[in-house]
There are 4 protein chains.
Amino acid sequence: MSANKRGRKRTFTELARRAQIVAAAIETIAEMGYGQASFAQIAQRAGLSSTGLISYHFASKDELIEQLVDEVVTAGQAFMGPRIEAAVGARAKLRAYLESNLEFMASHRAHIVAVAEIFNALPRERGGQPAPYGVWHERGIAQLQDLLRQGQRAGEFASFSTRVMAVTIRAAIDAVGYQLGADPNLDLKTNARELSALFDRATRSGKPGERAPGCSGERPRRTRRTAAD
Amino acid sequence: MSANKRGRKRTFTELARRAQIVAAAIETIAEMGYGQASFAQIAQRAGLSSTGLISYHFASKDELIEQLVDEVVTAGQAFMGPRIEAAVGARAKLRAYLESNLEFMASHRAHIVAVAEIFNALPRERGGQPAPYGVWHERGIAQLQDLLRQGQRAGEFASFSTRVMAVTIRAAIDAVGYQLGADPNLDLKTNARELSALFDRATRSGKPGERAPGCSGERPRRTRRTAAD
Amino acid sequence: MSANKRGRKRTFTELARRAQIVAAAIETIAEMGYGQASFAQIAQRAGLSSTGLISYHFASKDELIEQLVDEVVTAGQAFMGPRIEAAVGARAKLRAYLESNLEFMASHRAHIVAVAEIFNALPRERGGQPAPYGVWHERGIAQLQDLLRQGQRAGEFASFSTRVMAVTIRAAIDAVGYQLGADPNLDLKTNARELSALFDRATRSGKPGERAPGCSGERPRRTRRTAAD
Amino acid sequence: MSANKRGRKRTFTELARRAQIVAAAIETIAEMGYGQASFAQIAQRAGLSSTGLISYHFASKDELIEQLVDEVVTAGQAFMGPRIEAAVGARAKLRAYLESNLEFMASHRAHIVAVAEIFNALPRERGGQPAPYGVWHERGIAQLQDLLRQGQRAGEFASFSTRVMAVTIRAAIDAVGYQLGADPNLDLKTNARELSALFDRATRSGKPGERAPGCSGERPRRTRRTAAD
DNA sequence: TATGAATGAGGATTCATTCAT
DNA sequence: TATGAATGAATCCTCATTCAT
């Protein structure tokens with residue numbers, strides 16, 4: 001992926017142009033939706049005077065989108081990875097997973113919305129051929145399943161289908177991204193706290209010393225509920 | 001809705017053709033994705049020799065999609081409504097909600113996949129103007145929030161943001177539909193059981209006589225876990 | 001023209017239907033313009049539930065339009081002919097020609113507007129093949145030229161190109177029809193009076209006893225002029 | 001008006017292409033009529049291999065037509081304006097108006113025919129919304145009315161409705177353009193001379209020293225009349 | 001006769017991509 | 001490298017006409 005179409009290593013300028021185009025594509029897709037994100041729109045936003053330049057730097061629209069997704073996912077992992085690893089224990093890691101995900105969303109709103117648009121707009125896995133970016137999705141699920149299995153082995157988590165739980169956790173996070181597309185003022189902190197608590201209850205075992213809040217009759221963090229709940 | 005463009009009551013033939021076209025659209029969208037579902041593709045699948053016939057029966061592509069969504073949503077509500085109402089108590093209703101949703105998916109796979117495609121492909125709410133079928137989504141969320149609030153008032157459910165919980169429940173269900181698009185052999189019964197348990201734990205209060213399974217250290221329905229979990 | 005496509009004489013019903021369709025076409029074209037007057041629009045206005053019926057009664061759209069023009073022109077001639085013949089002398093006949101034309105317009109606004117639309121919208125004479133309804137136009141010009149030549153022979157009219165004068169008179173009348181399409185409240189009586197006077201001055205000879213108003217320094221019918229003149 | 005859709009100044013090539021396409025549109029419309037002037041026809045006549053190129057250079061068909069009309073009207077005004085201004089006195093100006101109009105027609109036959117086609121084919125003013133290029137028409141009428149009023153104030157012209165007279169003059173000129181579409185060999189010089197004389201008689205007052213030719217019993221320029229008159 | 005269904009050609013427009021400069 | 005010009009396939013939609021009933 002580091003070689004251009006002439007088989008040479010990409011020059012600095014070339015890399016800069018690609019980055020600029022990808023950035024413009026992110027903005028465009030986030031703002032107008034994948035369906036409206038034509039080369040013309042992207043070029044305009046990038047300040048380019050020709051769509052031809054996009055075709056010059058990217059073999060096809062597919063390659064542009066691939067690059068875009070790649071960058072966002074990589075950035076996300078770079079942001080979240082350390083935070084998750086720093087947490088001790090499966091419960092803490094799960095909480096870190098959820099909260100760092102939403103924290104990343106807060107600082108990379110357009111990126112997240114764009115990637116969500118792309119995932120949704122592109123054809124899914126059908127018959128035999130895989131979805132274009134299904135790999136990333138499956139990789140994320142697998143990573144989560146690992147975490148959940150560790151917790152189950154450690155007795156921190158109850159017994160449940162790690163697959164179903166992982167898919168649900170991802171779906172919950174993606175739903176926040178989806179809502180963020182519609183409402184830029186969405187309160188991500190509240191969402192993070194609520195989701196953390198939700199999946200904590202959903203996963204935790206009833207082990208002594210790890211008793212679920214519901215079991216003790218007390219609630220750790222009482223939150224005021226408003227009408228908008 | 002029962003009058004055609006000439007202001008006449010729709011004939012039997014017309015209704016049949018419309019249904020046939022809608023069915024072809026469902027198949028096409030479910031199989032190829034919304035983006036690829038042109039009139040030409042739909043007409044071909046319906047065995048029509050001209051795209052003009054689709055335009056003859058539907059005022060626009062929008063009307064076709066609207067009709068499609070309407071049919072699927074109406075059918076879904078007709079299927080699920082009674083099952084949810086028959087359940088007694090909020091916990092049981094929530095379980096019925098989840099299970100009837102997935103049961104409907106099992107028998108209407110293409111319908112669900114098609115509608116999921118449409119929801120995802122169409123422009124989202126941006127700035128001020130709402131998403132085309134966002135109404136349905138918001139209505140579903142609101143309905144779920146009602147159910148959750150009732151459970152909270154009755155003491156069956158713990159304290160949490162009903163909005164976040166409702167969005168997460170819907171996201172979990174939609175994720176199952178999404179997976180169904182990729183894998184027609186998805187085990188919906190297992191998914192239904194797991195999701196029921198998951199959200200039962202996530203919502204329930206610690207009231208006596210309503211103790212969460214996790215608290216007793218035992219699991220009611222022990223499920224064999226496979227590697228694919 | 002009195003036989004239908006099966007070579008039979010047209011039944012009363014058939015004639016009635018044709019008349020009804022022609023009437024609807026007149027209304028539609030006058031109101032929406034020729035370009036928007038599709039069979040669907042005409043059928044709807046005629047209260048028919050199928051465009052097929054129009055095709056059943058008329059061999060083609062061309063035949064419908066032909067019939068329409070025929071009816072309007074015939075009605076116009078029936079109205080104007082006697083009025084012109086009743087006038088004595090070329091000057092009086094020319095005045096009668098102009099005034100009866102505009103009088104007919106007043107009572108057959110839609111007809112006139114529709115025919116004007118058709119004349120304008122249809123292809124003109126090009127290369128060799130004649131304009132569809134150029135015949136009517138040329139016939140009208142020829143008739144006017146006859147009248148003008150008679151006046152010249154009788155010494156009532158000055159010497160001028162009867163062709164140019166005839167074309168100009170028709171153009172002036174058609175321009176009134178054109179304006180009538182835009183402004184239904186157009187004052188036809190004033191237009192008739194002004195055009196009569198205009199072409200009286202433009203045609204008349206300087207013979208004694210027939211002196212032009214301009215020559216005597218007096219004006220026969222003094223009209224108050226308003227700012228809108 | 002000098003910036004293209006990318007907000008750039010138009011290049012030489014772009015201007016040339018636009019001009020070429022406008023020229024092809026003029027030819028096509030003049031020859032086949034507005035109704036038959038599809039992008040396909042225009043592209044073919046311009047030697048383009050794709051209708052897409054027209055859309056590339058013009059935002060819409062409307063813009064193409066607008067540009068076409070604009071060019072022709074501007075050229076016409078540039079041609080006629082100085083000739084009218086050079087004339088001294090209302091009578092001479094009116095004569096210059098008529099003669100320069102027809103002179104322009106002689107050298108820009110297709111342009112005039114095309115614009116006449118467009119004016120006629122496009123929807124007229126109806127209800128409230130104005131005709132697309134009605135502005136030009138009304139502006140021409142207003143300009144003529146100004147000229148006529150000046151002549152009336154100066155005593156050169158008799159008393160008449162300047163509106164009716166102006167509309168009739170324009171109609172007479174347009175009728176020449178109309179005939180030109182059908183007969184390319186139309187004798188424009190004779191038409192110019194006859195129309196000049198016609199409207200001179202129609203407008204002039206009976207003032208001493210400005211006596212109408214008809215009053216003297218003599219004709220200044222005796223013209224041979226042929227059968228075709 | 002009359003209806004509604006069906007056809008297929010033709011309408012403008014959008015778009016990613018290619019190419020010469 | 002970068003630009004603008006050009007391409008041609010694909011988009012939805014309109015319409016007069018035909019046909020079976």
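The sequence lines fix the lettering, A, B, ..., with proteins before strands; numbering per chain opens at 1.
OP1 or OP2 of F:dT1 sits under 4.0 Å from a side-chain N or O of A:Thr11. Distances shorter than 4.0 Å separate none of the side-chain N or O atoms of A:Ser60 from OP1 or OP2 on E:dA16. At least one side-chain nitrogen or oxygen of D:Arg17 sits closer than 4.0 Å to the OP1 or OP2 atom of F:dA6. An OP1 or OP2 oxygen of F:dG4 is reached within less than 4.0 angstrom by no side-chain nitrogen or oxygen of D:Arg10.
Which of E:dT1, F:dA5, F:dT17 sits closest to the side chain of C:Glu14 comes down to E:dT1. The side chain of B:Leu53 approaches E:dT7 more closely than any other nucleotide in the set F:dC13, E:dT7, E:dT14. Comparing F:dC13, F:dT1, F:dT11 by their nearest atom to the side chain of B:Thr51 picks out F:dC13. Side-chain proximity of B:Ser49 to F:dA2, F:dA6, E:dA6: nearest is E:dA6.
For the pair D:Glu63 and D:Arg18, the salt-bridge criterion is met [side-chain N within less than 4.0 Å of a carboxylate O].
For the pair A:Leu48 and D:Leu48, nearest-nucleotide mapping onto DNA chain F gives the more 5' position to A:Leu48. Residue B:His57 is the one, among B:His57 and A:Ser38, whose nearest nucleotide of DNA chain E lies closer to the 5' end (criterion: closest heavy atom). Sequence order on DNA chain E of the closest nucleotides to B:Tyr56 and D:Gln41 puts B:Tyr56 first from the 5' end.
If you check E:dT21 for Watson-Crick or wobble pairing at under 3.5 angstrom, you find it paired to F:dA2.
Counting any heavy atom pair closer than 4.0 Å across all strands shown, B:Phe39 reaches sugar-phosphate atoms only and no base atom.
One N or O donor and one acceptor, one from the side chain of C:Ser50 and one from the base of E:dG4, sit under 3.5 Å apart.
Two residues are said to be in side-chain contact when any heavy atoms from C-beta on lie closer than 4.5 Å; C:Glu71 and C:His111 fail this criterion.
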